[in-house]
Number of protein chains: 2
Amino acid sequence: MKQGNKTKLRIINEANKLFYQQGFNATSFSNIVDATGLSKGNITYHFKNKQEILSGIVESRLADIDELLTAWNKEFPSPINRLVRFCEMLLDEQDNLKQYGCPMGTLTGELSKNQPALYQLTLPMFKRFQTWLLEQFTLLNFSSEQANENALELLSRVQGITVITHVFKDEKFLNKEISKLKNEIKNRYD
Amino acid sequence: MKQGNKTKLRIINEANKLFYQQGFNATSFSNIVDATGLSKGNITYHFKNKQEILSGIVESRLADIDELLTAWNKEFPSPINRLVRFCEMLLDEQDNLKQYGCPMGTLTGELSKNQPALYQLTLPMFKRFQTWLLEQFTLLNFSSEQANENALELLSRVQGITVITHVFKDEKFLNKEISKLKNEIKNRYD
DNA sequence: TCCTAATTAGGACGCTCGTCCTAATTTAAG
DNA sequence: CTTAAATTAGGACGAGCGTCCTAATTAGGA
């Protein structure tokens with residue numbers, strides 16, 4: 001790997017952390033300078049501005065999501081078990097969710113308000129999960145319309161649990177609701 | 001009403017709109033100056049800074065919430081119908097929800113990330129709804145523990161629907177899910 | 001080794017930020 | 001009316017913002 005790509009990754013990782021933990025608009029360029037320990041000019045060289053950094057972050061996250069979903073597909077032959085695994089993702093991330101909310105939901109939600117171009121940029125992350133969920137429900141023999149409805153509903157349930165966990169800083173709620181949701185999936189769709 | 005209070009209200013209303021539509025951190029002091037048409041000094045006279053404006057906004061919103069819930073209590077003798085009305089609130093606000101998300105969820109979520117003092121300030125808005133929902137489930141003869149769980153779950157469902165509606169700009173989803181949720185309430189709790 | 005392109009450092013700039021201060025004007029009580 | 005308090009206007013200020021530019025350094029192929 002070229003030297004510059006290492007720097008790019010470092011910027012992307014640090015900025016990703018900052019955007020998640022502080023919000024996109026609350027993070028300044030010099031915050032990123034401080035966090036990376038790089039010079040201002042160096043960062044500008046790799047990314048013209050905050051928006052380009054965001055673009056890099058999204059690209060990187062999309063790759064992570066694809067990798068994750070592919071791994072789940074391999075690990076779990078049963079769509080039901082895949083959906084269950086999807087729910088369990090929230091348990092893996094419970095500390096972060098409690099403190100900072102959903103990495104996709106809070107970012108897309110923030111940008112959706114009044115930065116339409118950046119909002120469009122982040123939307124594919126949601127779409128990946130939506131599409132993948134749709135595939136699982138299709139495998140479970142739902143009509144495409146019904147599969148889509150189920151996919152969005154599950155996404156919605158998970159987002160709701162995340163918001164409440166975040167707002168009330170309540171991981172007990174998270175654990176209980178995920179456990180209920182997993183049961184519901186098994187009962188409803190199996 | 002004294003002259004100054006009219007100005008205060010004007011500031012609160014305009015800032016409330018801006019914070020909701022752009023986010024708290026993305027709204028500058030001079031945005032508020034422009035939106036109100038007042039002078040910088042005048043706003044500073046009434047509120048030292050953005051945080052004090054937020055404090056005023058929360059106070060005002062809490063009063064609105066109390067008024068709303070009291071009206072619902074009067075209008076609907078049945079707790080079930082009150083819960084249904086609660087869900088229907090999202091339909092009344094569907095245009096705003098689609099564009100800007102939940103006025104409480106997005107604000108509290110934003111501030112929760114790294115402005116703990118302001119986050120604490122906004123939390124009571126959520127608590128009002130939580131408490132009120134708890135009361136309704138208590139009236140439905142649930143144990144206090146079970147009533148609390150039901151209250152949080154309903155809040156969670158509603159937040160989830162809001163997030164998806166906002167992120168996907170999809171009011172069809174909103175209408176369908178609210179309708180399903182209302183049926184579920186009637187079937188599960190009646 | 002040398003040379004060119006890639007990378008890094010950091011200063012200059014104009015702008016906006018939030019805060020503070022002072023003066024002008026309006027209000028309302030006496 | 002008079003007068004003091006409440007309210008409003010708007011400029012001054014330093015700090016931080018993002019962008020741009022140039023110079024120094026480094027890396028890697030020839």
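Note on naming: letters A, B, ... go to the chains in the order of the sequence lines (proteins, then strands), and numbering restarts at 1 for each one.
- Regarding contacts with the backbone of D/dA6, every side-chain N or O of B/H46 stays at 4.0 angstrom or more from both OP1 and OP2.
- For residues 16-38 of chain B, proximity to DNA chain D is found at no residue, defined as any non-hydrogen atom under 4.0 angstrom from a strand atom.
- Not a single donor-acceptor pair under 3.5 Å links the side chain of B/Q136 to the backbone N or O of B/R82.
- Closest-nucleotide positions on DNA chain C for B/K50 and B/G41 were compared, and the one nearer the 5' end corresponds to B/K50.
- The shortest side-chain heavy-atom distance between B/D66 and B/R128 falls under the 4.5 Å cut-off.
- D/dA27 atom P lies 10 Å from atom NZ of A/K6, rounded to whole Å.
- In this structure, B/I164 is not a member of the same hydrophobic cluster as A/L134, with clusters built from ILVMFWY side-chain heavy atoms closer than 4.5 Å.
- For the residue pair A/Q115 and A/N25, a side-chain donor N or O sits within less than 3.5 Å of a side-chain acceptor on the partner.
- Searching all strands for a Watson-Crick or G-U wobble partner of D/dA30 with both distances below 3.5 Å returns C/dT1.
- Counting heavy atoms from C-beta on, the side chains of A/T138 and A/E135 never come closer than 4.5 Å.
- Between A/Y45 and C/dT8, a side-chain N or O to OP1/OP2 separation shorter than 4.0 Å is absent.
- Look at A/N42 and you won't find any side-chain N or O under 4.0 angstrom from OP1 or OP2 of C/dT7.
- Taking atom CZ of residue A/F47 and atom P of nucleotide D/dC20, one finds them 17 Å apart after rounding to whole Å.
- In this structure, the CG atom of B/N49 is 13 Å from the C1' atom of C/dC17, given to the nearest Å.
- Under 4.0 angstrom from either OP1 or OP2 of C/dG18 there lies no side-chain N or O belonging to B/T44.
- As a whole-Å value, the separation of B/I43 CD1 from C/dG18 C1' is 12 Å.
- Relative to the side chain of B/K40, the nucleotides D/dA12, C/dG10, C/dT7 differ in distance, and D/dA12 lies closest.
- Here C/dT8 presents its P atom at 8 Å from CD1 of A/I11, a figure rounded to the nearest Å.
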